[in-house]
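What follows is a set of notes on a single structure, which appears directly below.
Just so we're on the same page: letters track the sequence lines, and every chain starts at 1.
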Number of protein chains: 2
Amino acid sequence: MNQQTTLARREPPALREGGLKEPTDRQQAVLDAVLALMVEGGEPTMSAVARRASCSKETLYKWFGDRDGLLAATVQWQASKVRAGNYDRTRLDANALRDSLEAFAANWLRVISSDTSLALNRIAIGNATKAGDHLGGIVLANGRFAIGERLKPLLEAGREAGLLAFDDAEEAFRTFFGLAGRDVQIRLLLGDAARPSETDIRSDAARAARQFLALYGAGKPSTR
Amino acid sequence: MNQQTTLARREPPALREGGLKEPTDRQQAVLDAVLALMVEGGEPTMSAVARRASCSKETLYKWFGDRDGLLAATVQWQASKVRAGNYDRTRLDANALRDSLEAFAANWLRVISSDTSLALNRIAIGNATKAGDHLGGIVLANGRFAIGERLKPLLEAGREAGLLAFDDAEEAFRTFFGLAGRDVQIRLLLGDAARPSETDIRSDAARAARQFLALYGAGKPSTR
DNA sequence: CAATTGCCGTACCGTACGTTACGGTTCGGC
DNA sequence: GCCGAACCGTAACGTACGGTACGGCAATTG
């Protein structure tokens, strides 16, 4: 009960702090420019952003407060574009479970090997030691933790359907995470050229699902 | 006839390019200072290095060429300190195999969660997009790839002893890598506070070895 | 039409940092 | 005891960049 009462529908003058506000179309264009610059050349400068987005630096500071605010808004903007792909909640049999696991693994592999994700993770990691940094936390919350929260319901549904056996959903998820991602992300982050093709991603996702079911599948010796 | 003919045995004046030369004691002290600064505050400045190592900037430039040369020499210096821990080549039975796998996993977990490794990886990742950068390649070669080359002989020995079954040693190794590391490294790189304790590392290593044997163990249903 | 608002383009300031230059000191060899 | 090489400490230079200020323009408001 302290918030802006008649903010009109123009636009939020500054989307700092909580990052709760939704950016306007113009602001989204600025954030997309930041993303493009990140993909091209690492940490973008304020001048480069202003040039690329055809806006003045003064406007950047008015909207985002300072450079950190701009970066944080960019990370959240990208995160808001990625959410997708829950599992089909109906009819969970062994095949549907396997398909959903494959879909999760493939989706995750596509995300972590995308240019935007790599650029964002590089910058968040590079700033992780600097004081008062939130980027790493934001990236973790929207990447690793978000997919965990979306996958665990599937795992628990699989357990209730008698298809999976595990004690701790978090532990089971972490194993799935390791089987799916393996060394892909760290290699790409370090500049290794071996970007997986769509074919690689599909077969890796299938292998990850198969191995996960071999470890956590209940009863049936379907795995092999 | 351009080189200094009587260089005496003092010390290599510049260890650039191939990084083949061994640093002198004094140079090692400088590189240790760089490592300490990296752990404390991320990317070190040349002035900070000179101050910490009690040497002049002129000397830094004479020895290492430029800032990139200093960073590359530091990465290689740290890498040269890590090599350790092959497996016991004699008497490979099921228990010895499991023990060796556990030892590899525990060693790897200790490395990737150490302050030095984290600092080095952060810097290599941060510079991965910059032109003419070798740090990422050096880190990969001495981390991920080095452990792979040391573990694969164990896996193949296990296969010849009839204890393991796999087609491609690289594929098997990557699975082991994923089971052991899971999300630990990326979480720590992004600033997540959850550093595993020695107890965590031991139990995680045991779990990774058990799961790997469940997936790749030959014949015997020893796993579980 | 005049005043206000929002924003672009550009110039500017202060600082941090990579790199170079220089005077002074130590030390091994003659 | 002298010479030169290696090295330390520090100052200086050029540049890049975060952040600020200002003039001008277009659209909106009254």
| Going by atom types only, do Gln211(A) and Tyr216(B) share a side-chain donor-acceptor pair under 3.5 Å? | yes

| said: What is the distance, to the nearest angstrom, from the CG atom on Leu70(B) to the C1' atom on dT19(C)? | reply: 13 Å

| task | Kindly determine whether Lys130(B) and Glu43(A) satisfy salt bridge (Lys or Arg N to Asp or Glu O under 4.0 Å), including the steps that lead there. | result | CA-CA 10 Å; Lys130(B) 302 198 191 350; Glu43(A) 304 244 358; over 6 Å; no

| Heavy atoms from other residues, nucleotides or ligands near CG of Asp167(A) exceed 12 (cutoff 6.0 Å) | no

| said: Less than 4.0 angstrom between a side-chain N/O of Trp63(A) and OP1 or OP2 of dG6(C), yes or no? | reply: no

Find every protein N or O atom lying less than 3.5 Å from an N or O atom of nucleotides 16-20 of chain D, and list the pairs.
unit_1: dG18(D); atom_1: OP1; unit_2: Arg67(A); atom_2: NE; d: 3.0
unit_1: dG18(D); atom_1: OP2; unit_2: Met46(A); atom_2: N; d: 2.9
unit_1: dG19(D); atom_1: OP2; unit_2: Tyr61(A); atom_2: OH; d: 3.3
unit_1: dG19(D); atom_1: OP2; unit_2: Arg67(A); atom_2: N; d: 3.0
unit_1: dG19(D); atom_1: N7; unit_2: Lys57(A); atom_2: NZ; d: 3.1
unit_1: dG19(D); atom_1: O6; unit_2: Lys57(A); atom_2: NZ; d: 2.5

| task | Starting at atom CD of Gln27(B), determine the distance to atom C1' of dC8(D), rounded to an integer number of angstrom. | result | 16 Å

| query | Does Thr59(B) put a side-chain nitrogen or oxygen below 4.0 Å from OP1 or OP2 of dC8(D)? | reply | yes

| message | Using the side chain to side chain contact (heavy atoms under 4.5 Å, CB included) definition, which of the options Ile201(A), Leu118(A), Asp200(A) pairs with Ser113(A)? | response | Ile201(A)

| message | I want to check one thing: is the phosphate of dC8(C), taken as OP1 and OP2, less than 4.0 Å away from some side-chain N or O of Arg26(A)? | response | yes

| request: Would you mind reading off the distance between Arg51(B) atom CZ and dG18(C) atom P, rounded to a whole angstrom? | output: 11 Å

| query | Separation of Lys62(A) atom NZ from dG9(C) atom P, in whole Å? | reply | 15 Å

| Arg210(A) side-chain N/O to Arg98(A) backbone N/O, donor-acceptor pair under 3.5 Å | no

| message | Show every ring pair (Phe, Tyr, Trp, His ring centres under 6.0 Å) that has at least one partner inside residues 107-133 of chain B, sequence neighbours left out. | response | Trp108(B)-Phe177(B)

